[in-house]
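See structure below.
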Protein chains: 2
Amino acid sequence: MARAGLAAERVVRAGAELADEIGFEQVTPSELARKLGIKTASLYSHVKNAHDLKTRIALLALEELADQASAAIAGRAGRDALGAFANAYRDYAFQHPGRFAAARFRLDAATAASSAGPRHSRMTRALLRGYDLPELQETHAVRLLGSVFNGYVELEMAGGFSHSAPSSEESWTEILDALDSLLRNWPASS
Amino acid sequence: MARAGLAAERVVRAGAELADEIGFEQVTPSELARKLGIKTASLYSHVKNAHDLKTRIALLALEELADQASAAIAGRAGRDALGAFANAYRDYAFQHPGRFAAARFRLDAATAASSAGPRHSRMTRALLRGYDLPELQETHAVRLLGSVFNGYVELEMAGGFSHSAPSSEESWTEILDALDSLLRNWPASS
DNA sequence: ACGTTTGCCTAATGGTCTTAGGCAAATTAG
DNA sequence: CTAATTTGCCTAAGACCATTAGGCAAACGT
């Protein structure tokens, strides 16, 4: 038999490209079929339905993002690692806006658990090992970093910082400095 | 003539309610018409099209959110104001998840400029006046706070923190403490 | 060479958004 | 009060979408 799954994967990859071209929201079976030069109905042998298609693109994006982040922090620590990690996210978002949006697609609990999501938390934890936070505060810091990275990049891509000085670039490094400083002087909990 | 605009406003308000009930993404002309007990085509005398409907709901949500935040910081300063402001956002998001999602709907530049968006920046700036940051750093801090609030609430509502200890509630207050500490000891820029 | 599987197809159903044109009731003006 | 206007809804229709069912030829493994 012709290897099953291979074709499905090509379809999903094409979906990811399409997302970067026209936006993740606009990725639909019919649009993807158009890109692939086949009839819409033909897609349904590779993908269960529209939601399944989006889910698979999200999983792909999550993996790619984790790979990039992982490569970025290898061999680094402290402010250096923080910057590399954060930039891995931001750069990925700018190079692959559709995939990045896909990575934020809401997965159901089971799918999320088997996604690269947990890898992201583990990496953030590894990053924090360079700072020594009280054990209990580590999770709070993980959540803070996730919030800032996601939040900043989203606002930036929505154009929130584009028409005002100082440049978004400048705020980004300044914010990373501030976070580094915060992590080195994390306040004792009351 | 029967006052124009009044009916349109009622339609938009119903759209906002619908968003809280079924999610902002799922708010469509046909769904809203169903809720209102009228035919889909009839909506088009009140609203230009589906995108216009979503835009108007977004503008409504942005205003409401600004009102809440504004009321929250009145008469407060420092960590007190920071907490009240942040909680205004978070509470609104939990009470009105659909509207909150609407507030993050991407508006074109012109619409965004005439929305309550600028009010949000001004309020954040007002909040920061309680801490005295070097003038140049103030914008960076505004952007940081916006990122954290948006990012945290979004991750939290997506269920990102739900199945692990410590509770999201605890992380939230701990993160606010950390931000307060950071704002009081903002690092000098290199 | 043969049966199986794959990857595509056409056809059909039911839902969506949107425009056009009409009609009765409410509202305003004289 | 009456007449003109406007509103808020309607039906009808076109174009597009997601999805299911059933078919067929080429590619594949044995």
Side-chain angles (χ1 to χ4, degrees), chain A residues 1-61 98-99 101-102 105-108 111, chain B residues 1-61 98-99 101-102 105-108 111:
Chain A
M1 59 177 134
R3 295 116 326 190
L6 204 165
E9 208 178 307
R10 242 202 340 253
V11 164
V12 173
R13 222 185 301 278
E17 280 172 34
L18 185 60
D20 288 336
E21 289 161 16
I22 65 173
F24 181 63
E25 316 283 307
Q26 337 297 322
V27 174
T28 61
S30 53
E31 204 74 38
L32 181 51
R34 235 184 314 274
K35 179 188 174 79
L36 291 170
I38 63 177
K39 297 291 174 176
T40 306
S42 304
L43 269 186
Y44 286 76
S45 19
H46 306 297
V47 152
K48 197 146 60 64
N49 53 34
H51 185 268
D52 181 41
L53 170 62
K54 289 194 165 191
T55 298
R56 284 171 192 246
I57 297 175
L59 292 174
L60 173 67
R99 284 161 152 98
F105 184 63
R106 238 182 246 201
L107 304 171
D108 58 277
T111 311
Chain B
M1 59 180 134
R3 297 118 325 196
L6 205 165
E9 209 179 306
R10 241 202 341 254
V11 164
V12 173
R13 220 185 302 280
E17 279 171 36
L18 185 60
D20 289 334
E21 290 161 16
I22 65 174
F24 181 64
E25 315 284 306
Q26 337 297 324
V27 174
T28 61
S30 53
E31 204 74 38
L32 180 52
R34 237 187 309 278
K35 179 189 174 77
L36 291 170
I38 64 177
K39 297 290 173 175
T40 306
S42 305
L43 269 186
Y44 284 75
S45 20
H46 306 299
V47 152
K48 195 145 65 59
N49 52 34
H51 184 269
D52 181 41
L53 170 63
K54 288 193 168 191
T55 299
R56 285 171 192 246
I57 298 175
L59 292 174
L60 172 68
R99 284 161 150 99
F105 184 64
R106 238 182 244 199
L107 304 172
D108 57 278
T111 313

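Order of the sequence lines sets the chain letters (A, B, ...), proteins ahead of strands, with each chain counted from 1.
- In this structure, the NZ atom of B:Lys39 is 15 Å from the C1' atom of C:dC17, given to the nearest Å.
- Donor-acceptor pairing under 3.5 Å is lacking for the side chains of A:Asp52 and A:Thr55.
- Across the protein-nucleic acid pair, B:Tyr44 atom OH and C:dG21 atom P stand 17 Å apart, rounded to whole Å.
- When the side-chain hydrogen bond (donor to acceptor under 3.5 Å, both in side chains) test is applied to A:Glu25, no partner is found at least two apart in sequence or on another chain.
- One atom, CG of A:Leu32, and another, C1' of C:dG7, lie 15 Å apart when rounded to the nearest Å.
- End-to-end axis angle for the helix from C:dA1-D:dT30 to C:dG30-D:dC1, using five pairs per end and rounding to 10°, comes out at 30°.
- Salt bridge present: A:Lys35 and A:Glu21 bring a charged side-chain N and a carboxylate O closer than 4.0 Å.
- Side-chain proximity of B:Thr28 to C:dC9, C:dC17, D:dT11: nearest is C:dC17.
- Rounded to whole Å, the distance from CZ on A:Arg10 to P on C:dG7 is 8 Å.
- Closest to the side chain of A:His46, from the set D:dC10, C:dC8, D:dA18, is C:dC8.
- A:Arg34 places its CZ atom 15 Å from the P atom of D:dA15, with the value rounded to the nearest Å.
- With D:dC10, C:dG7, C:dT10 as the candidates, the nucleotide lying closest to the side chain of A:Ala7 is C:dG7.
- The residue B:Thr40 sits close to a base: some heavy atom pair falls under 4.0 Å.
- Summarising the geometry of A:Leu36 relative to A:Ala14, their closest heavy-atom pair is CD2-CB, 3.7 Å, with the distance given to 0.1 Å.
- For B:Ser42, no side-chain nitrogen or oxygen approaches OP1 or OP2 of D:dG8 to under 4.0 Å.
- Each of C:dT19, D:dG8, C:dC17 was ranked by its minimum atom distance to the side chain of B:Ala41; first place goes to C:dT19.
- One atom, NZ of B:Lys48, and another, C1' of C:dT19, lie 14 Å apart when rounded to the nearest Å.
- The shortest heavy-atom contact between B:Ile57 and B:Ala102 is CG2-CB, 3.8 Å.
- Across all non-hydrogen atoms, the minimal contact from B:Arg13 to B:Leu60 is CA-CD2, 4.3 Å.
- Below 30°, between 30° and 60°, or above 60°: for B:Phe105 and B:His51 the angle between ring planes is between 30° and 60°, a tilted geometry.
- Between the C1' atom of C:dT16 and the CD atom of B:Glu31 lies a distance of 11 Å, rounded to the nearest Å.
- In this structure, B:Glu9 atom CD and D:dG8 atom C1' are separated by 17 Å, rounded to whole Å.
- Counting non-hydrogen atoms under 4.0 angstrom, A:Ser30 reaches the backbone sugars and phosphates but no base.
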